[in-house]
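Starting off with a structure, shown below.
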Amino acid sequence: MTTTRSPISTRGPARRRADMAVLGGVRPPLAALPVLLALVAGLTVFAIGSDAERGVPEAVLSSQQHIAEDGAVALQGAVDESVSDLRAAAADFGGSRPVPADATLTRLDRPSRKWRGTAVVDLATGRLLAAQGEAVPLGKVSLRGLPANPPPRLVRDDSGITRLLVFATLSQGGRPELLVASQSLKPPGISVGRNHTLEVVDRDGATLVSAGPGSGTDRARALAATAAREARSKGPSDTAAGGFDGPSGSLVGAADGSARTAVGYAGVARAPAAKESPSSALGLTVVTTVRTRSQGAGTGDLRLALVAAAVLLALAAGVTAALHLVLQRPLLRLRREARRLASGDLSVPVRVSRFGEPSRIGAALEALRRQLGGGGGTSQETVAQPPAGRRASPGTGEGRRRLGLRTVLAVCAFALLAWPASMLLTLGSTWPHPAGVVPRLISDDQRERTETTADRVRRGINDGYEDLARLATVIDASRPEQTRRTLDSSLEQHGRYRSLYVVDGAGEILARAGDEPRTPKRDRVRPGVEQTNTSGTEPVLAAVAAQPVKGAPTRSGRRYVVGEFKVQYLAGILSRPGLGSVWLVDAGHRVIASNKGFVAFGRVSDGRLRARLAALRTTRGSAELLLGWRDPAVAAVAPFNDKPGVANALGWKVASIRPVFWIGLPEYEAQRRIMLVGLLGVTAGAFCLGWLYLVVVRPLREVAKGAQALAGGDRRTVLYPRYHDEVGSLARSLELIRQRLPRTDAPPAPGSPDGAPATSASTSPSGPGPRS
């Protein structure tokens, strides 16, 4: 006779396993649900009931900080460029053959007239060898024991004016000399609004230069000194994120009636991980200040917060009570009834629930009780009886399924989802109109910063062309090896080029450094700056400088130095914190570079910004608040203006756009808090209900199918418990009951007619005796 082995036995150890402690189950998720929702309700009171902002909006403060960072970057670039230019000139002048000091200063002043005064000093004796222009205040600096290429210094001359002294070691014929250049310290060359004050202070808080309304007043000096102390107190770990590698921050001045002063500051310094900058040792700090209106009333709504929290607590209590009545209590009762039947206690009928899977399992247990007690006839006749008012399906013993526990979970999820949905409806009804929320100062700052970015790109291109013009004066194309070394040195010194090469009058390359050239031959002999392609995988911007020659040589006898700019260099200039998405476009509004991911020569992604690009017809930048139902934004467009330089011929523009929802305005901060608590409520409810479905409801549905099949006569299917919880305990008890039931589906006995069922004479080892 064939028997089916079960992983659960009715003797000793198996019975002890059936009584093992319940792990997990229905209790933890039902306990977690009200606790999590109560925490969300408390967070709702705190987030919505408290004021999001008072005083000066965070958007204004962060804007001033970013303007100060732009000024620090511009000032740092100007000082570092002066140092690198002087050192490069000193390296070009050096050689085995000495050159008179006067001739050296004349050659230094020829390419550009940026220096107010220059001098050559003999390092061995400290004697002044030559001087040109304004008197250099050498008496303010000790020239003894200076290292090679000393860092720049700030000194005050006899009239009290601050001068920037730049040094470079000059080696001619083995005689050590020092090349010194004097320059005025100017405010950073950035665009600021008419109401902004821009100041440069030293490490002691003393104002060196300033510009704008209110500069030079005691209030401005006090705020600048405070900002300098704040910048000095910040360590390397406090450097600002988003592209600025020095200490920066913002302050709020004392209230003056309905107005307050917003202060932004940024130190001219390099983080330890960055490349060393000559200007870092100067200890300069750029400070910007602007007067703005105080933020009066707060944006919190305590009444709305209390109502929302009370509704959420009521929903949590109602859902928890419903799940306890419909799911937890019936499940625990079924577990007790199944264990009672598995232990052999058949005296009391099983109490059948009125709903869902507990009802189906209870009816099956009652049928199994009658079968175990011998009062139900054969197992084919004693099918599971449905509860009162429910009709059984013929032949299966399974009542028609209508509503189950999945429906209960769906209703609970809908009830919990109604709360965040109402929060979002409240959010939509109170959504602030951008025109009445965004201060005019924000739009003005966006325009000024975009103009500053465009000016930095323009200056970078112009400086690159000037480097090539200087390089063209020192290279000798008749010496290819020396020319190649010079090109390699310049390519390493300046990170803006992808390739440098020298060509003849026909565009043929004579010497090259860097990547493979991509500029066509006809464009290699056109002095100036030119965009050489309008399609392809990478934009090509080439600067060409003609080598000066004496007389009137033929075209084939001329030499040209060509430099191709890196797209990464242009994109790096566009990467400014707090400016949003920035694009550099050409005259046809094709994308050349961007601080975000971009496709070369593609279109600007925002259609409203494309319309602004097409509508701009002036050389000045413009800014506008772009309205939209989903994403209102502040946008600005700035063309390369009409300042001197070869880059103006490109006709390029810089466009930026910044969503107003994320710029730190108190009204939008309140909306973000409402969205946060709504999402937290959805997350808590979905987590707990999903936990219940996966751990309790879905396994319980499988146990209900097994129980109905067992009551309907299936004695072969083994009921395996999945987890050590209430549903697993129920499955173990059903398996013990299956082993106690007689086998009604055994194969025909030997010698019986084909097809005639054999009388079941076998029982489970611990079950009752055979039945007819």
Side-chain angles (χ1 to χ4, degrees), residues 53-76 79 154 156 160 162 185-188 190 192-242 244-271 279-295 439 441-442 445 448-449 577-578 664 666:
E53 186 74 39
R54 286 188 181 273
V56 179
E58 181 63 29
V60 176
L61 294 177
S62 62
S63 180
Q64 305 317 304
Q65 176 182 350
H66 295 324
I67 291 176
E69 292 172 354
D70 293 344
V73 170
L75 182 60
Q76 185 178 49
V79 174
L154 287 173
R156 290 184 180 270
T162 302
L185 186 65
K186 301 177 181 179
I190 62 173
V192 293
R194 293 176 298 177
N195 298 324
H196 285 76
T197 299
L198 200 63
E199 296 180 281
V200 178
V201 299
D202 60 13
R203 56 171 51 92
D204 297 326
T207 301
L208 302 179
V209 292
S210 60
S215 60
T217 62
D218 294 339
R219 179 191 293 269
R221 290 172 180 168
L223 289 174
T226 303
R229 287 194 299 269
E230 290 289 333
R232 191 171 61 252
S233 64
K234 290 189 175 182
S237 60
D238 298 321
T239 56
F244 185 73
D245 50 12
S248 65
S250 59
L251 302 171
V252 179
D256 183 10
S258 61
R260 302 189 75 170
T261 302
V263 182
Y265 62 89
V268 181
R270 291 276 184 175
S279 58
S280 302
L282 298 177
L284 300 178
T285 302
V286 177
V287 182
T288 177
T289 58
V290 66
R291 301 274 288 177
T292 183
R293 294 177 57 188
S294 298
Q295 183 73 26
L441 180 63
I442 298 298
D445 288 349
E448 300 294 345
R449 296 195 66 207

Give the C-alpha distance, both sets of side-chain angles, the deciding distance and a yes or no for side chain to side chain contact (heavy atoms under 4.5 Å, CB included) between Leu251 and Leu223. CA-CA 9 Å; Leu251 302 171; Leu223 289 174; 5.9 Å; no

Measure across Arg449 and Asp70 and return the closest heavy-atom pair with its distance rounded to 0.1 Å. NE-OD2, 2.7 Å

Closest heavy-atom pair and its distance - Ile190, Ala74: CG2-CB, 3.7 Å

Is the backbone N or O of Gly205 less than 3.5 Å from a side-chain atom of Arg229, with the two atoms forming a donor-acceptor pair by type? no

Rounded to the nearest 0.5 Å, what's the gap from CD on Glu199 to CG on Leu284? Could you check? 13.0 Å

I want to check something: taking the side chain as every heavy atom from C-beta on, are Leu198 and Pro188 in contact at a cut-off of under 4.5 Å? yes

Classify the side-chain pair Gln64/Ser250 by whether it contains a donor and acceptor separated by less than 3.5 Å. no

Tell me the closest heavy-atom pair linking Val209 and Pro187, and the distance in Å. CG2-N, 3.9 Å

Output all residues satisfying salt bridge (charged side-chain N to carboxylate O under 4.0 Å, His left out) with Arg291, sequence neighbours left out; order by chain, then residue number. Asp256

Within the structure provided, determine whether Ile67 and Val192 are in side-chain contact (heavy-atom separation under 4.5 Å). yes

Can His196 and Asp445 be said to form a side chain to side chain contact (heavy atoms under 4.5 Å, CB included), step by step? CA-CA 10 Å; His196 285 76; Asp445 288 349; 3.2 Å; yes

First locate atom CG of Leu75, then atom CG of Leu185, and finally report the distance between them rounded to the nearest 0.5 Å. 6.0 Å

Minimum heavy-atom separation for Thr207 to Arg156, with atom names? O-NH2, 4.0 Å

Does Leu282 reach the side chain of Val268, with side-chain heavy atoms less than 4.5 Å apart? no

With sequence neighbours excluded, tell me which residues meet side chain to side chain contact (heavy atoms under 4.5 Å, CB included) with Asp202. Asp204, Ala206, Leu208

On a heavy-atom basis, which atom in Glu69 and which in Ser248 lie closest, and how many Å separate them? OE2-OG, 2.7 Å

Atom of Val200, atom of Val286 and distance for their closest heavy-atom approach: CG2-CG2, 4.5 Å

In the structure I gave you, are the side-chain heavy atoms of Ser63 and His66 within less than 4.5 Å of one another anywhere? no

